[in-house]
Amino acid sequence: MSRDFELVPTPDELRYALEHFAVPGRTAVVMTMGALHEGHATLIRTAREHVGRKGYVVVTVFVNPLQFGAGEDLDRYPRTLDADLRTAERAGADIVFAPSVDDMYPDGRPEITLRAGAMGERLEGASRPGHFDGMLTVVAKLLHLTRPDVAFFGQKDAQQLALIRRMVRDLNFPVEIVGVPTVREEDGLALSSRNRYLSLQERRTALALSRALFAAQDRHVALEALRARALEVPSTHARAEALSAIGESRAAADAHAVAKAVPGGPAEVRAAARLVLDEAARVDPPLALDYLALVDPSDFTEVGDDFTGEAVLAVAARVGATRLIDNITLTFGAAS
């Protein structure tokens, strides 16, 4: 039986499609809330590459009311299904599953939901209480309905990705979770469905999020290089000369201390990012910072100055009426 790209609006039709067309061991899902952009297209293309030409790629489009809190933008969240279908088909999807709220929650708000736990109460969870409970509930439902072997999520939503991985591990879902790197526009702004709400002036201010992360990344790279150079030189005097040669005269004053210092300097990384964000708070229109955090990706708690390993530098801020998030991953202690 041949298959063509199609829109599947109900769980029963999705079940039929999976039973007749899906390839065992080679089904992928990309979950979205619609308003698809190049970031979503990248997820879909990655899913297609993963399962191959004969595999089956399901894209879900569902604006989940459970993950929107009071005063958030559920009603104005963009619904662009016709355009979404074109984007999904061009990127390589086989079907788009776009259920209604009544299809997903036939008895109204469900009595039984998932709870995100302590990790879900930090950062985004603190700013948006209940958001991650609603997100995990719908992701669990969609995993049951789509029955994928692998699911793809963007790393831009780093805390969401970490919580989904934890849910899959804790509840023994038989699915592989793959994170796909953040897709950015040419000016560095992370792609988001909410970017369309920004005026030209607001967009200029919003660029401070990515600029802050890149400034922190640059400082991190410089500090790691400094530490690596210091560790290569056996004597304190030689360390000082080596450090002076790369322009770190202040550090050269105590090269031995530099060699023993925390690699990469979490405090200095935070400070480099905050400098950019503080400046953006003074422009018109201003950036209103929600949080800047350097966290352990396993539980999203702040890392200490002696931390080594992979960390996520995450930022959230509001520009006008639009709330945006972004993050990058940094590895501390690579020179150790």
Side-chain angles (χ1 to χ4, degrees), residues 14 17-18 21-62 64 67 84 87-97 114 116 119-120 123-124 132 135-184 190-193 213 295-300 309-314 325-331:
L14 174 64
L18 292 172
F21 300 121
V23 179
R26 300 182 70 181
T27 299
V29 66
V30 174
M31 298 183 190
T32 82
M33 292 206 301
L36 302 189
H37 49 63
E38 181 57 27
H40 297 112
T42 298
L43 290 171
I44 298 167
R45 286 194 294 268
T46 304
R48 170 56 64 200
E49 291 168 5
H50 185 89
V51 300
R53 185 176 59 83
K54 294 183 179 180
Y56 202 63
V57 177
V58 181
V59 174
T60 70
V61 173
F62 180 64
N64 176 34
Q67 64 195 73
D84 294 343
T87 298
E89 183 176 16
R90 285 196 301 266
D94 291 296
I95 62 171
V96 169
F97 175 51
L114 292 180
M119 180 163 54
L123 300 188
E124 284 299 290
F132 285 128
M135 179 276 295
L136 289 179
T137 297
V138 79
V139 169
K141 285 176 69 72
L142 289 170
L143 287 175
H144 285 308
L145 288 168
T146 59
R147 300 179 296 189
D149 302 290
V150 57
F152 294 83
F153 296 90
Q155 291 178 358
K156 183 178 78 71
D157 297 293
Q159 192 172 4
Q160 169 180 284
L161 176 59
L163 282 162
I164 292 170
R165 282 176 167 152
R166 184 60 184 261
M167 177 189 74
V168 165
R169 185 167 66 250
D170 285 355
L171 300 184
N172 297 103
F173 278 77
V175 61
E176 178 188 0
I177 303 298
V178 176
V180 178
T182 300
V183 178
R184 299 184 180 277
L191 281 172
S192 169
S193 301
L213 297 178
V295 298
D296 184 332
S298 68
D299 59 10
F300 271 69
E310 187 176 281
V312 172
L313 182 63
I325 63 172
D326 202 350
N327 70 84
I328 56 171
T329 300
L330 303 173
T331 301

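Atoms considered below: every heavy atom in the structure, side chains included; atoms not considered: hydrogens, waters and symmetry mates. Computed from a predicted structure; not experimentally measured. By convention here, the first residue in the shown sequence is residue 1.
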Undergrad: Do D84 and H40 have side chains that get closer than 4.5 Å, going by heavy atoms?
TA: no
Undergrad: Would you check if T329 and E310 make a side-chain contact, meaning some heavy-atom pair closer than 4.5 Å?
TA: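 Side chain of T329 against side chain of E310, heavy atoms only: contact under 4.5 Å found.
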Undergrad: Can you tell if the side chain of T46 reaches within under 4.5 Å of the side chain of V30, non-hydrogen atoms only?
TA: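 Heavy-atom side-chain distance check fails, nothing below 4.5 Å.
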Undergrad: If you compare all heavy atoms of A91 against all heavy atoms of A41, which two are closest, and at what distance to 0.1 Å?
TA: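 A91 and A41 have their closest heavy atoms at CB-O, 3.8 Å.
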Undergrad: Test your reading of the model: is there a side-chain donor-acceptor pair from D299 to the backbone of M119, 3.5 Å cut-off?
TA: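 No; judged by distance alone, with no hydrogens or angles, the pair does not exist.
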Undergrad: Relative to the ring of H50, is the ring of F152 parallel (under 30°), tilted (30 to 60°) or perpendicular (over 60°)?
TA: perpendicular
Undergrad: What is the distance from atom OG1 of T146 to atom CG of L18, rounded to the nearest 0.5 Å?
TA: 7.0 Å
Undergrad: Answer whether the closest heavy-atom distance between the side chains of N327 and L313 falls below 4.5 Å.
TA: no
Undergrad: Could you pull out the closest heavy-atom pair between F153 and L43, with the gap in Å?
TA: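 Taking F153 first and L43 second, the nearest heavy atoms are C-CD2, 3.7 Å.
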Undergrad: Between M31 and F62, is there a side-chain heavy-atom distance shorter than 4.5 Å?
TA: no
Undergrad: With a 6.0 Å cut-off (strictly less than), is the heavy-atom count around CZ of R165, excluding the residue itself, greater than 12?
TA: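 For R165, atom CZ is crowded (more than 12 foreign heavy atoms under 6.0 Å).
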Undergrad: Can you tell me how far the CD atom of E89 sits from the CD1 atom of I95, to the nearest 0.5 Å?
TA: 13.0 Å
Undergrad: I'd like to check F132 versus Q160 (side-chain heavy atoms, cut-off strictly below 4.5 Å). Are they in contact?
TA: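 Yes; the side chains approach each other to less than 4.5 Å.
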Undergrad: Checking T137 side chain against L114 main chain: does a donor-acceptor pair fall under 3.5 Å?
TA: yes
Undergrad: If we ignore hydrogens and angles and just use 3.5 Å, is the side chain of Q159 paired with the main-chain N or O of E124 as donor and acceptor?
TA: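 Between the backbone of E124 and the side chain of Q159 there is a qualifying donor-acceptor contact (under 3.5 Å).
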Undergrad: Which heavy atom of A28 sits nearest a heavy atom of A47, and at what distance?
TA: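 Here A28 and A47 meet closest at CB-CB, 3.9 Å.
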Undergrad: Distance from H37 atom NE2 to T42 atom OG1, nearest 0.5 Å?
TA: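 Between atom NE2 of H37 and atom OG1 of T42 there are 9.5 Å.
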Undergrad: What's the separation between atom CD in E38 and atom CZ in R184, rounded to the nearest 0.5 Å?
TA: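 CZ of R184 is found 14.5 Å from CD of E38.
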Undergrad: Shortest non-hydrogen contact from L123 to F300?
TA: CD1-CD2, 3.7 Å
Undergrad: When you measure from the side chain of T182 to the backbone of A190, do you find a donor-acceptor pair of N or O atoms at a distance under 3.5 Å?
TA: no
Undergrad: For the backbone of M33 and the side chain of N64, can you confirm whether one donor and one acceptor N or O come within less than 3.5 Å of each other?
TA: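 No, N64 side chain to M33 backbone: no donor-acceptor pair under 3.5 Å.
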Undergrad: For V29 and L142, what are the C-alpha separation, side-chain angles and deciding distance, and is it a side chain to side chain contact (heavy atoms under 4.5 Å, CB included)?
TA: CA-CA 9 Å; V29 66; L142 289 170; over 6 Å; no
Undergrad: Quick check: closest heavy atoms across P297 and V312, and the distance to 0.1 Å?
TA: CB-CG2, 4.0 Å
Undergrad: Which residue in the set V58, V180, V59, V96 passes side-chain contact (heavy atoms from CB on, under 4.5 Å) when paired with I44?
TA: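 Passing option: V59.
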Undergrad: Please tell me if the side chains of S192 and K156 come closer than 4.5 Å, counting only heavy atoms from C-beta onward.
TA: yes
Undergrad: Roughly how far apart are I164 CD1 and L143 CG, rounded to 0.5 Å?
TA: 8.0 Å
Undergrad: For T27 versus A22, what's the shortest heavy-atom pair and its separation?
TA: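 Residues T27 and A22, closest heavy atoms: OG1-CB, 3.6 Å.
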Undergrad: Are the side chain of T331 and the backbone N or O of G309 linked by a donor-acceptor pair below 3.5 Å?
TA: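 Checked: no pair found.
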Undergrad: Any salt bridge between R48 and D94, counting N to O under 4.0 Å?
TA: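 Between D94 and R48 there is a salt bridge, with a charged N closer than 4.0 Å to a carboxylate O.
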Undergrad: Side chains of L163 and M135: closer than 4.5 Å at any heavy-atom pair?
TA: yes
